[in-house]
Amino acid sequence: MAAEIRSGAAAIARAIAALCMLLLALGAGHAALAATIVGAAIAKDGPAVEMRFAIRGRGLRWRLSTHRQELWIDLSDTRMRIGARPFAGREASPVASVTVIDGGGAARIVIGVVGRADYAVVRTPRELTLRLAPAGAVSNLAAPLLAATRSESFALRRNAQPRSHPPRGAELASAAPAPSNGGVVRPNPADRRPIVMIDPGHGGRDPGTESASGVEEKEIALQIAVRLRSALIARGVDARLTRSADAFIPLDERTRIANAAGADLFVSIHLNSSPDTATTGIETYYLNNTTDRATIRLARMENGVAGGYSAPGGPDLHYILIDLRQQYKANESASLARMIEAATVAGAAAETGIKVNELGARQGPFYVLVGALMPSVLVECGFLSNPSEALLLQSPAYQQAIADGIAQAVAHYFNADAAIGNL
Ligand SMILES: [Zn+2]
């Protein structure tokens, strides 16, 4: 009897030990869910330096910030299996040093640069890739990275966090905000899909600008907007249009529609015009004041001073801008604009096989962006004043390439898996 009790006790002890082993294994399994950086490579690509960090595991969460001459990438729940100076002696200008800090769970990659530099960072499931170049040396630094992710399918954040923690300083990339839920994206059927309000510029009695052959901006803008809506819906976004027909909608009504819908982003689609018919290219604007004369000229055109938008005695846009600066999501909008500019130029260039002018992400006093409670941008998709670009802009394939570029940038924005900026 006593022996039986002893053997019973031994069995229980063995069972407990087995349970402990199982729990340990589960614990190890849980730890394995965190990401590990298992390798690093550096290469020179013309004036650019490309660094790749190989990721094992899932759910690499990163946050990017700039500190004077340093770019920091903070990785939570991440372990480092690479040396503290992974590229020692192999760094190339503008990269002066790369230091990796393993904080026993959290990790940081610190990239020191010399002079002013542009950067682009993209995370794919198996890699974190950075490209740096001296400021202005590479026209579309992000293009190779964005092209590499073109075929990836994006699991959009179902709970699209409101960007309530803008980074400090206009130069900080806000592509990787610190989500309030600790950063773990848990798909929850109860969460709504992110809403993007697409605004085809002009309409009805306001044709916008027009090409020499008489093609009107309002028509091309609507065609691109409709394609963008489909491209976003295909990526899991609830995309809507401020107008789906040739109708006149006052500028302030457009952001009111976006606010009423609780949209997460507002994207206004336009076509450009220049007195210099040789000018071509894509530019993306976010709202702010500027002293740049070409931008002021464009904003006057888009604000429709001649088209009867601005009511006599109405509030001066300059004062509205000063007033709005506190609440307007300028950092988020700038980040989105940079992403759209890079992805759209890359997409359009890939479609045509010719170099598409990247005119940049810029700030401008655009009335249609005033009053938006969400990050908002205005994309000038090309110049109707240039005969060959006007022809391209009428082609379904080119319109699709632009729509796909914008949609891809929006997906990057919601996924917080890419950042473009300078330091
Ligand atoms: Zn326009």
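Start at 1 with the first residue, then count along the sequence. As the structure is a computational prediction, the values presented were derived from the model and not from experiment. All ligand and atom numbering here is 1-based and tracks the order in the structure.
Shown here are the side-chain contact (heavy atoms from CB on, under 4.5 Å) partners of Leu392, two or more places apart in sequence or in another chain: Thr352, Ile354, Tyr398.
Distances under 2.8 Å from the Zn ion (ligand 1) pick out the protein N/O/S atoms His202 NE2, Glu217 OE2, His270 ND1, Glu302 OE1, Glu302 OE2.
Side-chain contact annotation: Gln400 with Asp404, donor-acceptor N/O pair under 3.5 Å present. Donor-acceptor pairing under 3.5 Å is recorded for the side chains of Asn386 and Ser388.
Between Glu91 and Arg85 there is a salt bridge, since a side-chain N of the basic residue sits under 4.0 Å from a carboxylate O of the acidic one. Comment: Arg338 does not engage Glu341 in a salt bridge, judged by the lack of any side-chain N to carboxylate O separation of less than 4.0 angstrom.
When all heavy atoms of Glu216 and Leu384 are compared, the pair lying nearest together is C-CD1, 4.2 Å.
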